[in-house]
Every structure is written in structure tokens, then in C-alpha cells.
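Let me begin by presenting the structure, written as C-alpha cells, before commenting on it.
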Amino acid sequence: MTDAVAPDTRRHSAETAKTMDDVRYEVDRLDRALVALLVERQSFMDAAARIKGDRSRIHDRERIEDVIAKVVEEAARQGLSPSIAEPVWRKLIDRCIAYEFEAFDALKPGRDSV
Ligand SMILES: O=C(O)C(=O)C[C@]1(C(=O)O)C=C[C@@H](O)C=C1
């Protein structure tokens, strides 16, 4: 009896993919991995909502530009197109801020600041 996991014979790289089924199998696999990373990122919005005492600190323009600058630099280093990286992260942060406001208000109803 072995507990070895059977290799996934459908796996491809971008170079070995021959059909759109091959491409979509990989895109779906990567999307699942991205969702898992975003769930982890989202969990830190819950933590930020818990830690920030003042509702006005949720939207932090200076930190937003710091995050974007770091992402754009890392995207260039790893080869992600800047025309994907910057707008995707701006939208992601925008949605994370909305989520953080909801989490803050659920945790601290009626609290504008402490
Ligand atoms: O760094 C923070 O203060 C966060 O809450 C995280 C985050 C982000 O999504 O990266 C979200 C809200 C802030 O306005 C800035 C950045």
C-alpha cells in the first residue's frame, strides 16, 4: 500500500500546451491558487479592521501608493506586464478597503474613532 499521489498527467507549461483545453486546464488551476492567496490577503483585512482603532485610518493613501510601487517593481522583476499589474492591484486594494470598512463596522458598530 502506497500513499503516493498519482502524477497529474494533464499538467502543461505554456510551451508544452497544444490545445485550448490544455491552456484552460492550467488557467483554472492557477485561478484556484490565486483565490487561495486572496483569501489569505483578505484575512489580513479582518486583522487590520481589528487592529485599527480609528475608522479614518482604513483608507490610507500613502500606504496604497507604497503597495502599488512595490507591486509594480516586483512585476517588472518577475515579468508581469505593468498594464496588468497596476490596474489589477488598484482594483484589488479598492475592494479590500471596502471589505475592511465592512469588517470594521461589523466589529465596532457606531465607532468613528477612539
Ligand atoms: O496597509 C493597510 O493599512 C491595509 O489596511 C491594507 C491595504 C491593502 O489592501 O493593501 C488596505 C487599505 C489601506 O488603505 C491600505 C492598504
Side-chain angles (χ1 to χ4, degrees):
M1 182 76 167
T2 172
D3 57 3
V5 178
D8 184 349
T9 55
R10 295 199 60 189
R11 287 294 308 275
H12 279 281
S13 68
E15 290 70 32
T16 66
K18 290 183 185 63
T19 68
M20 279 311 296
D21 272 358
D22 294 343
V23 168
R24 288 174 179 166
Y25 182 81
E26 290 301 324
V27 169
D28 291 348
R29 179 183 66 77
L30 288 163
D31 283 346
R32 287 193 296 276
L34 286 169
V35 166
L37 285 172
L38 290 174
V39 167
E40 189 177 358
R41 193 184 201 284
Q42 176 187 276
S43 75
F44 286 97
M45 301 307 128
D46 288 309
R50 171 171 49 79
I51 293 163
K52 289 182 185 178
D54 191 327
R55 199 176 189 276
S56 68
R57 286 179 57 209
I58 291 175
H59 189 276
D60 184 336
R61 195 173 302 281
E62 201 177 311
R63 173 59 181 157
I64 293 167
E65 293 312 317
D66 174 53
V67 173
I68 294 292
K70 285 171 178 159
V71 164
V72 166
E73 189 184 330
E74 185 64 14
R77 207 179 63 76
Q78 293 201 38
L80 176 64
S81 166
S83 70
I84 294 177
E86 183 165 349
V88 165
W89 255 268
R90 286 204 184 275
K91 176 60 84 176
L92 174 62
I93 294 169
D94 177 69
R95 296 295 79 215
C96 283
I97 289 170
Y99 179 93
E100 203 176 305
F101 271 120
E102 278 183 26
F104 186 96
D105 291 340
L107 221 51
K108 305 163 191 181
R111 177 118 69 106
D112 281 339
S113 63
V114 289

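We count ligands from 1, going down the list as the structure has it; atoms in each ligand are counted the same way.
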Problem set entry | Ligand-side contact atoms (ligand 1) for residue partner C96, heavy atom cut-off under 4.0 Å | 9 (O)
Exercise. Which atoms form the tightest heavy-atom contact between E100 and A49, and what is the distance?
Worked result: O-CB, 3.9 Å
Problem set entry | Options K52, R57, E100, ranked by nearest heavy atom to atom 2 (C) of ligand 1, top entry | K52
Problem set entry | Test: D28 and R32 ion pair at under 4.0 Å | no
Seminar exercise, completed: Per-atom filter on ligand 1: closer than 4.0 angstrom to a heavy atom of R63 are 1 (O), 2 (C), 15 (C), 16 (C)
For this session: Looking only at non-hydrogen atoms, find the nearest pair between R41 and C96 and report the distance.
Result: NH1-SG, 3.3 Å
Problem set entry | Electrostatic pair R90-E86, nearest N-O below 4.0 angstrom | yes
Problem set entry | ligand 1 versus D60: contacting region, heavy-atom distance under 4.0 Å | both
Seminar exercise, completed: If we number the atoms of ligand 1 from 1 as shown, the ones under 4.0 Å from a heavy atom of H59 are 14 (O)
Exercise. Within a radius of less than 6.0 Å around CD of E65, do more than 12 heavy atoms belonging to other residues, nucleotides or ligands occur?
Worked result: yes
Exercise. Hey, are S43 and D46 close enough side-chain-wise for a donor-acceptor pair under 3.5 Å?
Worked result: no
Exercise. Counting from 1, what ligand 1 atoms have a heavy atom of R41 closer than 4.0 Å?
Worked result: 8 (C), 9 (O), 10 (O)
Exercise. Is I58 in polar range of ligand 1, meaning some N or O pair under 3.5 Å apart?
Worked result: yes
Exercise. Using a heavy-atom cut-off of under 4.0 Å, does the side chain or the backbone of M45 touch ligand 1, or both, or neither?
Worked result: side chain
